[in-house]
Q: 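First the structure, then my questions, so here it is.
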Amino acid sequence: MSQLRLLPSRLGAQASRLLAPHDIQMFSRRSRSSGPPAPFPSSKRGGSSSYMEEMYFAWLENPQSVHKIRGHHVAQLDPLGILDADLDSFVPSDLITTIDKLAFYDLREADLDKEFQLPTTTFIGGSEHTLSLREIIRRLESTYCQHIGLEFMFINDVEQCQWIRQKFETPGVMQFSSEEKRTLLARLVRSMRFEDFLARKWSSEKRFGLEGCEVMIPALKTIIDKSSEMGIENVILGMPHRGRLNVLANVIRKDLEQIFCQFDPKLEAADEGSGDVKYHLGMYHERINRVTNRNITLSLVANPSHLEAVDPVVQGKTKAEQFYRGDAQGKKVMSILVHGDAAFAGQGVVYETFHLSDLPSYTTNGTVHVVVNNQIGFTTDPRMARSSPYPTDVARVVNAPIFHVNADDPEAVIYVCSVAAEWRNTFNKDVVVDLVCYRRRGHNEMDEPMFTQPLMYKQIHRQVPVLKKYADKLIAEGTVTLQEFEEEIAKYDRICEEAYGRSKDKKILHIKHWLDSPWPGFFNVDGEPKSMTCPATGIPEDVLTHIGEVASSVPLKDFKIHTGLSRILRGRADMIKNRTVDWALAEYMAFGSLLKEGIHVRLSGQDVERGTFSHRHHVLHDQEVDRRTCVPMNHLWPDQAPYTVCNSSLSEYGVLGFELGYAMASPNALVLWEAQFGDFHNTAQCIIDQFISTGQAKWVRHNGIVLLLPHGMEGMGPEHSSARPERFLQMSNDDSDAYPVFTEDFEVSQLYDCNWIVVNCSTPANYFHVLRRQVLLPFRKPLIIFTPKSLLRHPEAKSSFDQMVSGASFQRVIPEDGAAAQAPEQVRRLIFCTGKVYYDLVKERSSQGLEEQVAITRLEQISPFPFDLIKQEAEKYPGAELVWCQEEHKNMGYYDYISPRFMTILSRARPIWYVGRDPAAAPATGNRNTHLVSLKKFLDTAFNLQAFEGKTF
């Protein structure tokens with residue numbers, strides 16, 4: 001009865017879905033018209049349809065019931081034999097589970113031995129064209145209901161479905177040579193004995209071992225081997241902490257002694273920064289692939305404990321590597337992402353990353369996803385961890401096939417991984433391998449899982465390790481001898497012991513040995529900058545003019561642009577004639593000049609092509625020809641670097657992670673991510689906190705990504721006003737209490753020592769310079785720019801060519817240059833500010849006629865704090881009250897950051913008074929009148945020269 005028991009779940013489901021509807025009709029026509037082989041008997045429900053048609057019509061009437069009994073739902077996937085891999089155990093009542101139910105479909109036991117013609121679209125027959133019903137069932141069961149469960153019939157491409165069918169249905173496809181089996185056994189030995197060695201030497205250390213899924217190592221190596229065979233030269237991996245040390249040792253091939261010395265508590269850190277725990281570190285390694293004898297570069301990207309956060313970072317790095325190699329089809333560079341079951345289902349960034357997979361400017365031409373399905377998340381059962389049947393169901397949104405496989409069947413795993421690598425190379429689409437396994441220990445080695453999963457762990461304690469199971473199988477069939485198996489174990493144990501001995505000689509830990517993205521030639525041999533100077537960022541006037549002319553024209557012929565855009569381009573042309581630029585033109589000139597110098601520029605984010613505020617217009621659209629576009633920036637010079645500007649999906653977390661990864665690949669690029677409004681960056685806070693702010697300290701990883709965050713209190717409400725500058729400043733690592741030594745290279749040294757640069761430019765020229773400086777510096781740091789909104793069109797917010805030509809450079813502080821600067825001793829108040837509020841202050845000062853009594857100095861670079869220039873300004877006005885004015889609320893903005901630094905540089909001899917909005921919970925009001933009233937209030941205070949009389953600081 002085993003075949004009969006499987007009949008509904010195999011044949012019914014396969015006939016209606018694995019054999020597609022047109023197959024079924026063809027099947028039934030042939031069986032009726034050709035005599036022997038005999039037709040299927042009719043159903044008692046009436047009509048003359050065949051059994052196959054009956055199952056098809058049953059599926060049409062209730063597709064959900066047949067869907068839930070598809071082969072993968074009853075495949076033997078759980079190595080423990082106690083759980084279903086999915087969470088759905090519903091079985092419809094009309095399924096044939098015993099002989100007496102055959103009558104429901106007008107079938108008798110004798111019908112199982114009748115021969116039937118096979119349709120040409122199935123591969124279960126091999127070279128045979130007819131099979132008995134009993135044999136059809138057996139072969140479908142063998143294909144779909146053993147240790148492999150396939151989900152692919154939701155894919156709406158017949159060619160792709162047929163390709164998968166052929167790979168799994170063809171009889172004998174999973175035959176392995178003796179050599180392949182011996183290689184698989186050797187890899188399992190290394191995987192398991194590595195974990196055993198760590199457990200013996202450091203039994204009380206957290207290492208997040210791979211026990212229970214040791215097959216992951218041969219699985220990854222198979223994907224890499226097969227991909228190398230098909231031409232892949234560079235594989236970029238991302239994974240969580242479980243099994244990471246094993247992957248570093250046995251996949252990336254990190255020296256074992258460097259891994260073992262990480263367990264030494266006496267090891268001193270040689271590099272600057274905090275470092276990170278061993279199971280977060282990355283690695284970059286070039287080696288020969290022993291199976292294909294070809295060069296392969298492997299990079300495991302460092303990541304935090306925040307599960308799945310590394311996914312978009314890996315994809316961005318992969319995209320960049322493909323771009324720099326000219327690998328538009330992904331035939332040379334690919335990514336592999338390893339996931340845990342609970343995180344794959346639970347973390348939203350997985351969904352965000354999947355939705356980048358087929359976007360033109362984000363696709364990596366397919367990723368192989370490997371899910372280590374422990375069937376548990378820390379202490380949480382699957383039924384409490386997800387609502388979907390499988391943890392992998394998220395992959396269905398992009399039509400990625402999902403291959404579930406029992407991790408205790410190594411040969412099934414290896415075959416599935418080989419097919420997955422071929423799928424990715426053939427169709428350039430994502431694919432998921434779900435390794436259904438178990439976790440032999442707790443969440444980590446110190447954790448007790450019996451508290452919460454007693455029955456599961458009783459079974460796990462009885463479970464025979466996969467290595468012993470597979471070794472016994474190969475020994476029984478004569479592929480290896482017991483002596484050969486024991487020698488393989490002894491050989492690897494000896495390798496580990498020798499490496500352990502060498503590891504004791506290590507006294508100093510060099511984090512740079514774990515760098516995942518080296519930049520050959522950019523730094524000196526010690527990993528230090530080649531100089532500590534930055535050249536001037538100005539450019540020749542003829543270059544400015546040329547870029548401006550292209551920016552104000554349409555390079556393509558017969559290209560009809562919108563009439564409103566024509567006015568914008570005419571306005572740009574007028575500015576060029578007058579040797580001035582606004583914000584959009586300054587950005588154009590920064591980008592264009594870098595492209596001329598061979599620097600690739602990539603700008604990404606929501607609506608960046610036009611710009612949220614309709615100011616940029618880097619992509620022109622033909623008003624008469626659908627989808628015809630023009631990017632003038634790519635028409636500047638014949639031999640320029642390429643410019644990429646791309647609207648992103650409506651995602652911050654995923655897209656910012658992607659751009660961070662893109663910026664990791666090369667220092668010779670300007671990579672920018674722009675938020676639609678600065679307020680929205682907080683949905684990407686994980687990327688900012690765990691990668692951008694801390695990446696260099698943890699992983700010695702330089703990164704020059706630029707964040708453009710529109711910011712400004714303009715009465716647009718609490719979600720369209722603030723980029724939360726206080727958060728970036730709080731995470732800045734410069735010491736507010738340390739009085740600096742002003743050396744000749746103080747400006748550049750300050751930048752080198754900081755973890756990121758935070759600026760709020762008040763002029764287009766300064767914005768131009770800070771973008772160019774970002775690339776001209778001899779090192780890379782993240783750059784946070786609070787960009788304007790109303791200033792984009794403010795008549796006063798324009799700059800002259802004179803501020804941008806050769807010899808000019810970025811101004812960290814813009815001092816007062818009006819009447820007050822001519823007689824500083826008569827100035828009664830010196831106001832420091834940053835950003836847009838400067839223009840409000842200047843207007844108010846003029847209206848009150850206080851140009852000679854009040855000086856206004858702009859702080860353009862907020863962090864690292866320009867101690868030297870602030871000191872000069874304060875000393876220039878010895879009799880003036882010092883005021884910090886900001887438009888943000890007192891508990892937000894910049895005041896808490898600048899105040900202690902002012903106190904340090906002034907030796908606490910003079911106070912710095914606060915002027916701005918009162919503390920508040922929300923960053924801005926939603927009421928226009930309230931906004932204007934509060935603006936007037938703090939402007940009145942700013943110019944009330946008696947406001948602080950009699951007050952103590």
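The model shown is predicted, which means the values in this text are computed figures rather than measured ones.
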Q: Give a yes or no on whether a salt bridge exists between Glu195 and Arg440, defined as a side-chain N under 4.0 angstrom from a carboxylate O.
A: no
Q: Tell me whether Gln146 contacts the main-chain N or O of Gln76 through its side chain, where contact means a donor paired with an acceptor under 3.5 Å.
A: no
Q: How long is the span from the CG atom in Asn250 to the CZ atom in Arg193, to the nearest 0.5 Å?
A: 13.0 Å
Q: Do Glu159 and Phe427 have side chains that approach each other closer than 4.5 Å (heavy atoms only, starting at C-beta)?
A: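 They are in contact (side-chain heavy atoms under 4.5 Å apart), so the answer is yes.
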Q: Hey, is the main chain of Asn428 close enough, under 3.5 Å, to the side chain of Asn365 for a donor-acceptor pair?
A: no
Q: Counting distance only, does the side-chain N/O of Gln166 pair as donor-acceptor with the main-chain N or O of Phe123 below 3.5 Å?
A: no
Q: Give the minimum heavy-atom separation between Pro391 and Asn373, together with the two atoms involved.
A: CG-ND2, 3.7 Å
Q: Any ion pair linking Lys221 and Asp225 (charged N to carboxylate O, less than 4.0 Å)?
A: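 A salt bridge is absent here (no side-chain N lies under 4.0 Å from a carboxylate O).
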Q: Counting C-beta onward and ignoring hydrogens, is there a side-chain heavy-atom pair between Ile414 and Glu180 closer than 4.5 Å?
A: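 No, their side chains stay 4.5 Å or more apart.
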Q: If we ignore angles and hydrogens, is there a donor and acceptor under 3.5 Å between the side chains of Gln463 and Asp408?
A: yes
Q: Under a 3.5 Å cutoff, is there a donor and acceptor pairing between the side chains of Gln315 and Thr353?
A: no
Q: Is Glu141 paired with Arg138 through a side-chain N to carboxylate O contact shorter than 4.0 Å?
A: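 Salt bridge absent between Arg138 and Glu141.
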Q: Counting distance only, does the side-chain N/O of Gln375 pair as donor-acceptor with the main-chain N or O of Cys437 below 3.5 Å?
A: yes
Q: To the closest 0.5 Å, what do you measure between CG (Asn425) and NZ (Lys331)?
A: 4.0 Å
Q: Test side-chain hydrogen bond (donor to acceptor under 3.5 Å, both in side chains) on Thr479 and Glu477 and set out the steps.
A: CA-CA 6 Å; Thr479 303; Glu477 67 185 35; 2.8 Å; yes
Q: Is the backbone N or O of Lys114 less than 3.5 Å from a side-chain atom of Ser132, with the two atoms forming a donor-acceptor pair by type?
A: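 Between the backbone of Lys114 and the side chain of Ser132 there is no qualifying donor-acceptor contact (under 3.5 Å).
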Q: Look only at the side chain of Asp381 and the backbone of Arg383, and say whether a donor-acceptor pair between them is shorter than 3.5 Å.
A: no
Q: What's the shortest heavy-atom distance between Ile155 and Cys161, and which atoms?
A: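 Scanning both residues completely, I find the closest heavy atoms to be O-SG, 3.4 Å.
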Q: Might you work through the salt bridge (Lys or Arg N to Asp or Glu O under 4.0 Å) test for Glu488 and Arg182, ending with a clear yes or no?
A: CA-CA 10 Å; Glu488 188 69 33; Arg182 292 169 71 93; over 6 Å; no
Q: Sequence neighbours excluded, which residues qualify as side chain to side chain contact (heavy atoms under 4.5 Å, CB included) partners of Met174?
A: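 So Met174 forms a side chain to side chain contact (heavy atoms under 4.5 Å, CB included) with Ile148, Ala412, Tyr415.
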Q: When you measure from the side chain of Asp430 to the backbone N and O of Phe354, does any donor-acceptor pair fall under 3.5 Å?
A: no
Q: First locate atom CZ of Phe168, then atom CH2 of Trp163, and finally report the distance between them rounded to the nearest 0.5 Å.
A: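 The distance works out to 7.5 Å.
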Q: Verify the distance criterion only: is there a donor paired with an acceptor across the side chains of Glu352 and Ser649 at less than 3.5 Å?
A: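 There is no such pair between these side chains.
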Q: Between Ser228 (side chain only) and Ile224 (backbone N and O only), is there a donor and an acceptor less than 3.5 Å apart?
A: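 Absent.
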Q: In sequence, state the C-alpha distance, the side-chain angles, and the governing distance for Ser418 and Thr222, and then conclude on side-chain hydrogen bond (donor to acceptor under 3.5 Å, both in side chains).
A: CA-CA 6 Å; Ser418 178; Thr222 298; over 6 Å; no
Q: Just to verify, what does Arg439 make a side-chain hydrogen bond (donor to acceptor under 3.5 Å, both in side chains) with, not counting sequence neighbours?
A: Tyr457
Q: Find out whether Ile217 and Val251 are in side-chain contact, i.e. whether some heavy atom of one side chain is under 4.5 Å from a heavy atom of the other.
A: yes
Q: Is a side-chain donor or acceptor of Arg424 paired with a backbone partner of Lys429 at a separation under 3.5 angstrom?
A: no
Q: Do Lys167 and Glu422 pass the side chain to side chain contact (heavy atoms under 4.5 Å, CB included) test, and can you show the C-alpha distance, the side-chain angles, and the key distance before you say yes or no?
A: CA-CA 10 Å; Lys167 291 293 180 184; Glu422 284 189 69; 2.9 Å; yes
Q: Is Glu128 salt-bridged to Arg139, cutoff N-O under 4.0 Å?
A: yes
Q: Using modelled atom types and a 3.5 Å cut-off, is there a donor and acceptor pairing between side-chain atoms of Ser191 and backbone atoms of Glu214?
A: yes
Q: Looking at Phe403 versus Trp423, is the centre-to-centre ring distance below 6.0 Å?
A: no
Q: Does a donor on one side chain and an acceptor on the other come within less than 3.5 Å for Tyr144 and Glu169?
A: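 Glu169 and Tyr144 do have a side-chain donor-acceptor pair below 3.5 Å.
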Q: Calculate, to the nearest 0.5 Å, the distance between atoms CD1 and OG1 belonging to Ile164 and Thr426 respectively.
A: 10.5 Å
